[in-house]
Amino acid sequence: MPSIILYGNELSPPSRAAKMIAEKLGVDVDFKRTYPIKGECKKPEYLKINPMHTIPTIIDGPFTLSDSHAIVAYLVDRFGKNDSLYPKDIQKRSKVNERLCFDISLFTKVLKFVVGPLLRTHEPTEELRNDCIDGLETVERFLSASKFIAGDDLTVADYCYYCTITFVDIPQKGVIDLKKYKNIQRWMDLIHKTCPLFTKYDQIAEKAFQIYLEDGPY
Ligand SMILES: N[C@@H](CCC(=O)N[C@@H](CS)C(=O)NCC(=O)O)C(=O)O
């Protein structure tokens, strides 16, 4: 079984996406749990491997890579038995890339909305709430045209979006009612039926949040 080092944290949506794809591909992961809020990503030794001071980061032999979107694509190209999660067909792949790029903006909106309640420092403003809703409405439009995020097949984009969108509910369940997004709900049901890892990682995320509540910074 191939193996990589993965710096991440189960509470972090982009880290979960990278970990899920590695597990899906049967890659053996040496998981180095990393705590951004404790300042671990800004330590000189971490900045050497990831100058952007974010998790996730992977190390594959002499090669280091950061940003969950780059990582999930790399893992499929490097270890996938086929290209179904990240198609080689140039138009299909470009559509996946388009959707991965939007997830960066979606995650930023979601993070800004949840970070105050997560750190128990402040409530999100109406503007941050509206930005988050705007991101979800965009995803709702994507899913009105296709079964999955980047077309009619499950791809790496579904893993990234799933981790991002469920983060809306992790620190403040129901504050934005995800149930009213009918296409997102239909898609969530479908991906749970398509890949059991989604249910497994719901539990992993929930457990990480409980540990965070009990032990403080993640
Ligand atoms: N676009 C990046 C975002 C990663 C990100 O913002 N990770 C957060 C944790 S969820 C982090 O490491 N924050 C620490 C920091 O920015 O210093 C990705 O997808 O990997």
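Residues take their numbers from the sequence shown, with the count starting at 1. Read the numbers this way: they start at 1 and go in the same order the structure lists the ligands and their atoms.
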Subject >> Partners passing side chain to side chain donor-acceptor pair (under 3.5 Å) against Gln210 (at least two apart in sequence or in another chain) >> reply: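 Counting only residues at least two positions away or on another chain, Gln210 forms a side chain to side chain donor-acceptor pair (under 3.5 Å) with Glu206.
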
Subject >> Aromatic ring proximity Tyr201/Tyr162, centre distance under 6.0 Å >> reply: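 Ring-ring flag for Tyr201/Tyr162: false, centres at least 6.0 Å apart.
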
Mark up the atoms of ligand 1 that fall under 4.0 Å of a heavy atom belonging to [X], in ascending order.
X      : result
Phe107 : 6 (O), 10 (S)
Pro36  : 14 (C)
Pro56  : 20 (O)
His69  : 19 (O)

Subject >> Polar contact flag for Ile55 and ligand 1 (N/O pairs, less than 3.5 Å) >> reply: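 Yes; at least one N/O pair falls below 3.5 Å.
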
Original post:
Is there a nitrogen or oxygen of His53 sitting under 3.5 Å from a nitrogen or oxygen of ligand 1?
Top reply: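 Yes; at least one N/O pair falls below 3.5 Å.
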
Subject >> Pairs where residues 155-184 contributes a residue and the test salt bridge (charged side-chain N to carboxylate O under 4.0 Å, His left out) is met, not counting sequence neighbours >> reply: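 Sorted result for residues 155-184: Asp169-Lys173.
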
**OP:** Can you figure out which of Val72, Asp67, Asp103 has its heavy atom closest to atom 2 (C) of ligand 1?
**Re:**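 Among Val72, Asp67, Asp103, the closest heavy atom to atom 2 (C) of ligand 1 comes from Asp67.
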
**OP:** With atom 20 (O) of ligand 1 as the reference point, say which of Ser105, Cys163, Ser68 has the nearest heavy atom.
**Re:**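 When every heavy atom of Ser105, Cys163, Ser68 is considered, Ser68 comes closest to atom 20 (O) of ligand 1.
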
**OP:** State, with a plain yes or no, whether a side-chain heavy atom of Tyr74 is found less than 4.5 Å away from one of Ile4.
**Re:**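 Of all side-chain heavy-atom pairs linking Ile4 with Tyr74, none is under 4.5 Å.
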
Original post:
When you look at Phe102 and Phe142, which way does the ring-ring contact (aromatic ring centres under 6.0 Å, His included) test go after all the steps?
Top reply: CA-CA 11 Å; Phe102 183 72; Phe142 290 160; 5.6 Å; yes

Subject >> Check against side chain to side chain donor-acceptor pair (under 3.5 Å), Ser146 and Asp152 >> reply: CA-CA 6 Å; Ser146 58; Asp152 286 330; 5.0 Å; no

Original post:
Considering only heavy atoms, does Pro14 approach ligand 1 within less than 4.0 Å through its side chain, its backbone, both, or neither?
Top reply: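 The answer is the side chain of Pro14.
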
**OP:** Sort out for me which residue in Leu154, Leu143, Val96 forms a side-chain contact (heavy atoms from CB on, under 4.5 Å) with Ile149.
**Re:**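 So the option named by the test is Leu143.
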
